[in-house]
Amino acid sequence: MEEGKMDENEWGYHGEGNKSLVVAHAQRCVVLRFLKFPPNRKKTSEEIFEHLQNIVDFGKNVMKEFLGENYVHCGEVVQLPLEFVKQLCLKIQSERPESRCDKDLDTLSGYAMCLPNLTRLQTYHFAEHRPILCVEIKPKCGFIPFSSDVTHEMKHRVCRYCMHQHLKVASGKWKKISKYCPLDLYSGNKQRMHFALKSLLQETQNNLRIFKNGELIYGCGDARSPAADLKDLAHHLKPFFFPSNGLASGPQCTRAVIRELVHVITWVLLSSSEKGRAGTLRPRLRGPRVCEASPFSRSLNRQGKNTSEHSGLPKGCLLYKTLQVQMLDLLDIEGLYPLYNRVERYLEEFPEERKTLQIDGPYDEVFYQKLLDLSTEDDGTVAFALTKVQQYRVAMTAKDCSIMIALSPCLQDASSDQRPVVPSSRSRLAFSVSVLDLDLKPYESIPHQHKLDSKIVNYYSKTVHAKDDAVRPARFKERDDCTLVLHKV
Ligand SMILES: O=P(O)(O)O[C@@H]1[C@@H](OP(=O)(O)O)[C@H](OP(=O)(O)O)[C@H](O)[C@H](OP(=O)(O)O)[C@H]1OP(=O)(O)O
Ligand SMILES: Nc1ncnc2c1ncn2[C@@H]1O[C@H](COP(=O)(O)OP(=O)(O)OP(=O)(O)O)[C@@H](O)[C@H]1O
């Protein structure tokens, strides 16, 4: 970053989550990622620098090891002129979604992270001006807890995402229950994956966004504003997936283009960048492979078909590796919480030990090595409790990260291209897959996770499941529309 030359007019608002805000450079393929805080939470510049450096170190020393070199972009911490940050903050304020304005961009420290713009990744390495499509998916937790510490029987049958949907709709966060179930996406079974992706396209919530040449064209910028419709999306996609059936417009054309997109994304998600490498983690993939609340499995059930049938994910693909990291949550929050309390009691007695225990970093090689101990035999020590707490934090990070898939048409002579290619009906598409938002979840969030878990399950059990049981026979007859999902996409 050439400090003297920073001009806020060269940067534009790109997006934000709960904890950071991202601006993109108009020409160069880089973004700046700033931290956000509630208005009254003042942090010193040193604390912010340390926080950002921890994010970079965690990416380098832990997530690159687990997920693979090619998928993780750690970026670097940069120091920016305070006047530039102040002006930039003023410039982008009007573009920020209202629902995200409860937190302010940190304009006081001057620190931010500089990262490649993953929505334009192809041109980051190659200076050509080809159109670029980028699909961002936040897949969430892809397994059902297998821990014997789970006390709510429902948690062994219905996944957290599907249960949480009901609480989110009841609280007004989203308007409609999504048909997306992470277990379908993570199944490795093409039909289930197609269904999951189509469900995400129908109800994007904050789990799907599509960018064209770096601009958001589909999915929510604001939690409350509706997404563009599929017809508009298909129009945008035509240069990438002009339907092979020759139709140039109309509903059939829209369907064909969307189908093509779903097939290409599935193909890319099942591809492996590092051949045969399963990663350093080997937790056994356990637990039910199907969530009872998924409309897909419900539909199969009704037809008397075997719902546990699955193809499994190839070991080198990003979904497989992400799932393995998620499964570091070996005990579930119910088994973890007493261990968190053990660490807390120890810290109350020996507060100076917080540093030695690496609760707030550094996230270095030593921190990483301790994560590889997958034993669940509790020997009553603080060391055991701490390892499980740290593994849980890493698992929660993987449950909340996003996957970015960038696609751009190959040139006729693609021999010089080193990038992998996916076939599509119109042309071959070069692609890259990356993962973002790999900030380690804070130790302090564990009590909140514990409370939220009970809230989600209790709400689901008391309201939805009870109602479901009462109306089941009638509902099964009514909801024949679900069989539609079995049509080939
Ligand atoms: O608890 P969840 O599953 O709702 O996940 C939170 C996300 O909500 P989601 O359900 O994806 O809409 C939430 O996303 P939104 O703010 O709703 O877009 C955050 O990602 C939050 O992480 P953090 O507290 O900012 O580190 C996420 O919190 P963590 O649980 O990952 O800490
Ligand atoms: N390197 C990048 N390139 C392009 N876009 C990015 C990049 N990093 C983040 N974004 C965009 O900015 C959005 C917000 O970033 P991010 O998910 O890191 O925020 P967050 O506040 O940490 O998220 P959360 O709400 O999950 O805590 C992302 O959803 C993505 O669209």
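Start at 1 and go down the list; that is how both ligands and their atoms are numbered.
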message = Distance alone, cut at 3.5 Å: any donor-acceptor contact between the side chains of Y337 and D453?
response = no

Next on the checklist: Pairing donors with acceptors under 3.5 angstrom, does anything connect the side chains of E344 and Y443?
Outcome noted: yes

Please work out which of [options] has its closest non-hydrogen atom nearest to [atom].
atom	options	value
atom 27 (C) of ligand 1	D400, D453, L167, T397	D400
atom 32 (O) of ligand 1	K36, R160, Q449	Q449
atom 22 (O) of ligand 1	Q165, K19, K441	K441
atom 9 (P) of ligand 1	M396, K168, H164, H448	K168

* Asked: For ligand 2, is K138 a contact, meaning one of its heavy atoms is under 4.0 Å away?
  -> yes

Would you call P116 a ligand 2 contact, heavy-atom distance under 4.0 Å? yes

Scanning both residues in full, the closest heavy-atom pair of M113 with L52 reads CG-CD2, 3.8 Å

Heavy-atom closest pair (F143 atom, D329 atom, distance to 0.1 Å) is CZ-O, 4.0 Å

- How about H14 and F211: are their ring centroids closer than 6.0 Å? yes

Is ligand 2 under 4.0 Å from a heavy atom in the side chain of [X], in the backbone, in both, or in neither?
X	result
F34	neither
K36	neither
V22	side chain
H14	side chain

The salt bridge (Lys or Arg N to Asp or Glu O under 4.0 Å) partners of K103 (sequence neighbours excluded) come to none

So for K138 against ligand 1, with non-hydrogen atoms under 4.0 Å, the contacting part is side chain

For N18, the ligand 1 atoms with a heavy-atom partner under 4.0 Å come out as 16 (O), 23 (P), 24 (O), 25 (O)

R100 heavy atoms within 4.0 Å reach ligand 1 at atoms 15 (P), 16 (O), 18 (O)

Item to complete: State whether the shortest distance between N or O atoms of W174 and N or O atoms of ligand 1 falls below 3.5 angstrom.
Response: no

